[in-house]
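Below is one structure, written out as structure tokens; the observations come after it.
Ligands are counted one by one from 1 in listed order, and the atoms in each one are counted from 1 as well. Quick caveat, the model's predicted, so the values are computed rather than measured. Each residue takes its place number in the sequence, starting with 1.
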Amino acid sequence: MTIAQTAEYWRNQAEALKFEGRLFIDGDFAPAKSGAVFESINPANGGVIAEVSRGDADDIDRAVASGQKAYKSGIWARMPPRQRMAVLLRFADLIEAHAGEFAMIDTIDMGKPISEMLTVDVPLAVLCFRFTGECIDKVQGSVGATSPDVLSYVLRQPLGVVGCIVPWNYPLLMTAWKIAPALAAGNSVVLKPAEQSPLSAVLLARLFIEAGGPAGVLNVVNGFGPEAGKALALHPDVEKIAFTGSVEIGKLMMVYSGQSNLKKVSTECGGKSPHVIMADAANLETAATWAAMGIFGNQGEVCCAGSRILVQKKILDEFVDIFRTKATTGYVPGDPLDPSTSMGPMVDVSQQKRVLNYIDIGKQAGARCILGGDAPSGLERGAFVAPTIFTGVDNTMTIAREEIFGPVASIIAFDDYGEAVRIANDTSFGLAAGIWTSDLGTAHRFARDVEAGMVYINSYMNGDMQFPFGGWKQSGNGRDKCMDALLSYTQTKSVWATIE
Ligand code: ADP
């Protein structure tokens with residue numbers, strides 16, 4: 001098939017898709033108790049995709065009760081580890097078998113290019129369930145070195161009902177990062193997807209049952225943050241909230257925990273990550289390619305986006321030229337269902353306005369907009385923003401301090417390594433950081449000095465399931481992926497047995 005034919009294929013498939021907009025509670029679809037619904041909108045053209053049940057505190061109560069019933073029955077929590085593993089591995093196979101459906105749903109629900117869904121989101125979500133499933137029988141307790149007439153050991157057990165509150169930028173993948181370890185550890189889950197991207201979670205819940213997951217173990221309550229999300233985070237029978245989203249709401253999660261049952265809270269709250277280009281970088285073309293991917297990939301709606309690009313003055317002009325070319329040729333907004341499209345719209349019109357407002361703030365502050373800076377013409381039906389580059393940015397400017405969550409790169413010049421690190425760390429965030437240099441000493445000094453949870457040397461946003469994902473400072477306190485993530489959904493129990 002030619003690219004045009006493939007685009008036509010996806011458009012026809014998407015047209016024919018039937019969406020399930022109800023909640024998923026206790027193993028079955030259910031409308032919200034109130035009967036309320038909200039519309040899910042395709043941000044590429046403003047069309048209504050589906051009516052989605054608008055869950056509220058009553059629905060959260062039902063979902064948590066169902067999760068707790070399943071948990072207390074032991075049907076999942078006490079299932080022999082390898083059986084639980086088999087369910088998660090079948091679940092991964094089913095997600096893979098439905099790759100096209102997931103790709104279309106998230107693409108038309110939140111706007112990301114279908115090519116990204118097929119090459120990034122879906123395969124990484126499948127990998128997440130496989131990796132986490134395979135970890136299940138590797139979780140071990142320990143035996144203490146106590147006196148000979150004592151046997152003291154530490155058990156690891158699930159927490160109970162876990163609430164997962166996820167964002168819209170990678171609807172399927174961020175959900176996988178939360179629910180896979182929560183389920184693998186034997187917990188029941190109540191998932192609250194973002195209201196901007198509610199649809200793939202419901203398919204996920206149905207497939208969990210098809211994979212042999214017991215009813216009540218994975219529940220989905222769609223709805224708005226201050227209604228369904230808040231009710232979940234305040235619920236006295238929820239033992240943990242696993243959250244990814246903004247700093248503002250992440251902080252609220254901790255408040256809700258204190259106001260209710262002191263539930264555990266893990267947060268992943270975005271960033272303003274520095275991506276440093278030293279003059280001795282081996283290949284500026286490669287560095288610019290990755291720097292462009294780091295801020296324009298997924299429309300810049302990425303928590304670990306390298307949104308502050310720090311460039312050594314000696315190579316500033318040369319780098320900026322190459323970087324602008326990479327942005328212009330590599331990231332062209334268009335129909336996200338077309339497999340040749342590299343950049344979709346913002347998730348919705350309000351996010352588009354928010355990003356355009358930041359661009360205005362940057363211009364007013366005196367930064368130089370050398371590319372984009374507006375909504376691209378010809379795409380007015382959608383919530384598009386053109387890839388935008390600012391040069392002459394000072395790290396004190398709002399566009400260098402606040403997370404924009406859009407395709408806006410701020411280029412900041414520096415003289416030497418010391419200044420680069422100072423600027424890199426001059427932020428309230430600490431999620432990711434990158435450096436391009438051919439000097440091993442500089443590279444590892446940076447890895448030591450930078451205040452970030454993830455550091456990339458001569459690459460950006462790489463990693464695999466063993467690589468802990470999470471931040472320092474106000475980027476949050478949790479870690480996704482990796483074995484530690486799975487352990488964070490367990491609790492220890494110390495047992496002291498006297499041997500007579
Ligand atoms: P963004 O600004 O990227 O949309 P948010 O932090 O607002 O990120 O949203 C992330 C998730 O948190 C979404 O699922 C959203 O519905 C939820 N959320 C928003 N506000 C609240 C709240 N007050 N209580 C609980 N969840 C919330």
Strictly below 4.0 Å, N to O, side chains only: are [X] and [Y] in salt-bridge contact?
X      : Y      : result
Lys112 : Asp106 : no
Arg130 : Glu96  : yes
Arg90  : Asp93  : no

**Prompt:** Around Lys230, counting heavy atoms of other residues, nucleotides and ligands shown, do more than 12 lie under 6.0 Å from its NZ?
**Reply:**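 Incorrect, the count does not exceed 12.
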**Prompt:** Would one find more than 12 heavy atoms of other residues, nucleotides or ligands at under 6.0 Å from atom NZ of Lys473?
**Reply:**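 Counting neighbours around NZ of Lys473, more than 12 heavy atoms of other residues, nucleotides or ligands fall under 6.0 Å, so yes.
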Closest non-hydrogen protein atom to [atom], residue and atom name please, with distance?
atom                    : value
atom 17 (C) of ligand 1 : Ile165 CG2, 3.7 Å
atom 26 (N) of ligand 1 : Met253 CE, 3.4 Å
atom 14 (O) of ligand 1 : Val166 O, 2.8 Å
atom 3 (O) of ligand 1  : Trp168 NE1, 3.6 Å
atom 20 (N) of ligand 1 : Ile249 CD1, 3.5 Å
atom 2 (O) of ligand 1  : Ser246 CB, 4.1 Å
atom 18 (N) of ligand 1 : Gly225 CA, 3.4 Å

Considering the heavy atoms of [X], write down every atom of ligand 1 situated less than 4.0 Å from one of them.
X      : result
Glu195 : 15 (C), 16 (O)
Lys230 : 24 (N), 25 (C)
Gly245 : 6 (O), 10 (C)
Gly229 : 24 (N), 25 (C), 26 (N)
Leu252 : 23 (N)
Lys192 : 14 (O), 15 (C), 16 (O)

**Request:** Taking all non-hydrogen atoms of both residues into account, name the closest pair between Arg62 and Ala32 and its distance.
**Result:**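 Taking every non-hydrogen atom into account, NH1-C, 4.3 Å.
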**Asked** Which atom names give the shortest non-hydrogen contact between Leu94 and Ala211, and what distance separates them?
**Response**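 Shortest heavy-atom separation between Leu94 and Ala211 comes out as CD1-N, 3.7 Å.
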**Asked** In terms of ring plane angle, is the pair Tyr331 and Phe296 parallel, tilted or perpendicular, where the classes change at 30° and 60°?
**Response**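 If you compare the ring of Tyr331 with that of Phe296, the planes turn out tilted.
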**ring-ring contact (aromatic ring centres under 6.0 Å, His included) contacts touching residues 218-251 (sequence neighbours left out)** =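 As it turns out, the ring-ring contact (aromatic ring centres under 6.0 Å, His included) pairs with a partner in residues 218-251, which skip direct neighbours, are Phe38-Phe224.
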**Request:** Take atom 9 (O) of ligand 1 and look for protein heavy atoms under 4.0 Å from it; say yes if you find one, no if not.
**Result:**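 Given the 4.0 Å limit, the answer for atom 9 (O) of ligand 1 is no, no protein heavy atom qualifies.
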**Prompt:** Roughly how far apart are Asp335 CG and Thr341 OG1, rounded to 0.5 Å?
**Reply:**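 Answer for the CG-OG1 pair, Asp335 versus Thr341, is 5.5 Å.
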**Message:** Would you compute the distance between atom CZ of Phe429 and atom SG of Cys304 and round it to the nearest 0.5 angstrom?
**Reply:**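 That separation rounds to 13.0 Å.
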**Prompt:** Quick one: does Thr244 get an N or O within less than 3.5 Å of an N or O on ligand 1?
**Reply:**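 So ligand 1 has no N or O lying under 3.5 Å from an N or O of Thr244.
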**Prompt:** When you look for heavy atoms under 4.0 Å from ligand 1, do you find them on the side chain of Glu248, its backbone, both, or neither?
**Reply:**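 Within the 4.0 Å criterion, Glu248 makes no contact with ligand 1.
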**Asked** At a 4.0 Å cut-off, with the gap strictly under it, does some heavy atom of Pro193 reach an atom of ligand 1?
**Response**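 It does, in that a heavy atom of Pro193 comes within the 4.0 Å cut-off of ligand 1.
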**Request:** Nearest heavy atom to atom 23 (N) of ligand 1 wins, so pick from Phe243, Phe405, Tyr256.
**Result:**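 It is Tyr256 whose heavy atom sits nearest to atom 23 (N) of ligand 1.
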